[in-house]
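Counting from 1, the numbers follow the sequence of the chain as shown. Only a predicted model underlies this, so the values are computations on that prediction, with no experimental measurement involved. Order of listing sets the numbers, starting from 1, for every ligand and every atom in it.
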Amino acid sequence: MRLMEEEKQYLAGTYGRFSLEAVSGRGAICQGADGREYVDFTSGIGVNALGFCDPDWAAAVAKQAATLQHTSNLYYTRPMVELAKRLCQRTFAKKVFFCNSGAEANEGIIKAARKYGGDHYGPGRKVILCLENSFHGRTVTTLAATGQEVFHKHFFPFPAGFRFLKAGDLEGLRLALESPEVCGLLVELIQGEGGVVPLEKGYVQAAWQLCQERDVLFMVDEVQTGVGRTGKLLCSEQYGITPDLASLAKGLGGGLPLGAVLLGEKCADTLGPGDHGSTFGGNPVACAGGCVVLDKLDEGLLAQVERMGAYLTQQLLAMPRVASVEGLGMMLGITLQEGISGQLAAACLEAGVMVLTAKEKLRLLPPLTLTKAEADLGLERMAKALSGVAPAGTRAR
Ligand SMILES: *Cc1c(COP(=O)(O)O)cnc(C)c1O
């Protein structure tokens, strides 16, 4: 337990960690320092899209690290261009800006929306509409855009220019859009940290229409829902809408820090020289990993995400204490008959399966490559944890 003591001594106490020291991994199986194997239904919060240490991903990353690891954006490097080309070919994006995290990607779409508003309608058009119960990141500005008070305390004052609406309230949106100050609407199509809450399709399509009519940019935070998580490359495809701006991060680098701002037709040329930047953005090693993620995430794997998500949902619904399962593809939120998700997540780990929570729900974000055998092993362990029975054959701590 020396590591855990040293962590407590040397790291800022920002996290309540589970009691597992992870040492290595393959696919959806994580090896603990305790000698046990854990089934990973978290993928590092939706990051390890291809699971732990996919051999092609690891080879590409190692090769790039040994060839050229960084140059800054003062020079040209191939991996960032290759990745941007893939994103433009497979999404609505006409241009891409690379950064390093979800919060930064959202900062990027916020800056692009404000620049677009100013360019086309003058300096009075800078307000961004956001939804209650949203989560957009931990920087001061993305906190300001986050519609959950619990993240706000201690960190005032916030930058101005964010107004909040209730998800599903079209009349409220219509009213808010009467203001000439509004340049964009920012949504998560499935609110992740807010408890895996999918927005209603009719609402999203109508909201998109209203924004189109007023040239208000439709901005989608796809940091969690993007990169195949829901069974399509972007969750926007599931909703039948084309965003003007979208942010990606989590799964994009396959485990390395990598975020992207996707700029649609309207905003393709909004950001010019000097308007935005990032020292690490477009890092060759991260982008080489990202290229492998996108190449592996073909129609076949996307279809498998959809099938596996449906299978997990069906199996979970048959488990003790499970009241309902929300979400899409492999982004699942489990509502329990009693709201004790925190304790149950710890019990799941004890039973040998790693799971997440979101608000009062258990949340699963397994690697997109999850096999049936891995799924079944994890489900079996979850069922044991949920029924409160100690797992057979596992060592007591
Ligand atoms: C995780 C997440 C973020 C923040 O991403 P970081 O990489 O932690 O900055 C933003 N938006 C959504 C929807 C997320 O799920």
Side-chain angles (χ1 to χ4, degrees), residues 12 14-17 42-49 97-113 128-148 150-152 155 158 162 164 167 184-199 204 218-230 234-236 238-239 243 245-262 278 280-283 286 289-290 293 326-333 356-359 361 363-366 368:
T14 46
Y15 303 107
R17 298 179 207 269
T42 74
S43 64
I45 321 188
V47 167
N48 299 330
F97 174 88
F98 287 119
C99 53
N100 316 286
S101 69
E104 259 187 281
N106 285 330
E107 293 269 352
I109 61 174
I110 290 165
K111 284 179 76 171
I128 293 173
L129 303 177
C130 303
L131 298 184
E132 290 174 8
N133 197 47
S134 60
F135 179 82
H136 298 299
R138 302 284 196 153
T139 63
V140 175
T141 296
T142 56
L143 275 182
T146 289
Q148 298 187 62
V150 57
F151 295 107
H152 288 176
F155 303 115
F158 290 119
F162 297 96
F164 288 90
L185 168 68
L186 171 61
V187 302
E188 295 163 87
L189 294 170
I190 304 174
Q191 295 182 327
E193 304 308 307
V196 193
V197 183
L199 299 189
V204 170
F218 199 86
M219 308 158 67
V220 185
D221 179 345
E222 294 247 18
V223 169
Q224 193 162 149
T225 56
V227 198
R229 178 52 55 190
T230 69
L234 296 184
C235 186
S236 304
Q238 305 274 18
Y239 280 78
L245 291 165
S247 51
L248 294 179
K250 291 195 165 86
L252 183 59
L256 289 172
L258 179 58
V261 172
L262 303 185
S278 161
F280 288 113
N283 172 272
V293 171
E326 296 80 24
L328 210 51
M330 290 224 266
M331 178 171 178
L332 300 173
L356 299 160
T357 60
K359 290 237 169 129
K361 293 182 192 174
R363 173 173 49 151
L364 306 187
L365 297 172
L368 306 181

Check whether any side-chain heavy atom of V187 sits under 4.5 Å from a side-chain heavy atom of L199, and report yes or no.
yes
Side chains of L248 and L234, heavy atoms from C-beta outward: is any pair under 4.5 Å?
yes
I'd like to know if E193 pairs up with R363 as an ion pair, taking the criterion as any Lys NZ or Arg NE/NH1/NH2 lying under 4.0 Å from an Asp or Glu carboxylate oxygen.
yes
Under 3.5 Å donor-acceptor, D221 side chain and H136 backbone:
no
Qualifying residue, where the test is side-chain contact (heavy atoms from CB on, under 4.5 Å) with Y239 and the options are I190, V220, T230
I190
Select all protein residues for which some heavy-atom-to-ligand 1 distance is less than 4.0 Å, and list them by chain and number.
S101, G102, A103, N106, F135, H136, G137, E188, D221, V223, Q224, K250
CG of L256: more than 12 outside heavy atoms within 6.0 angstrom?
yes
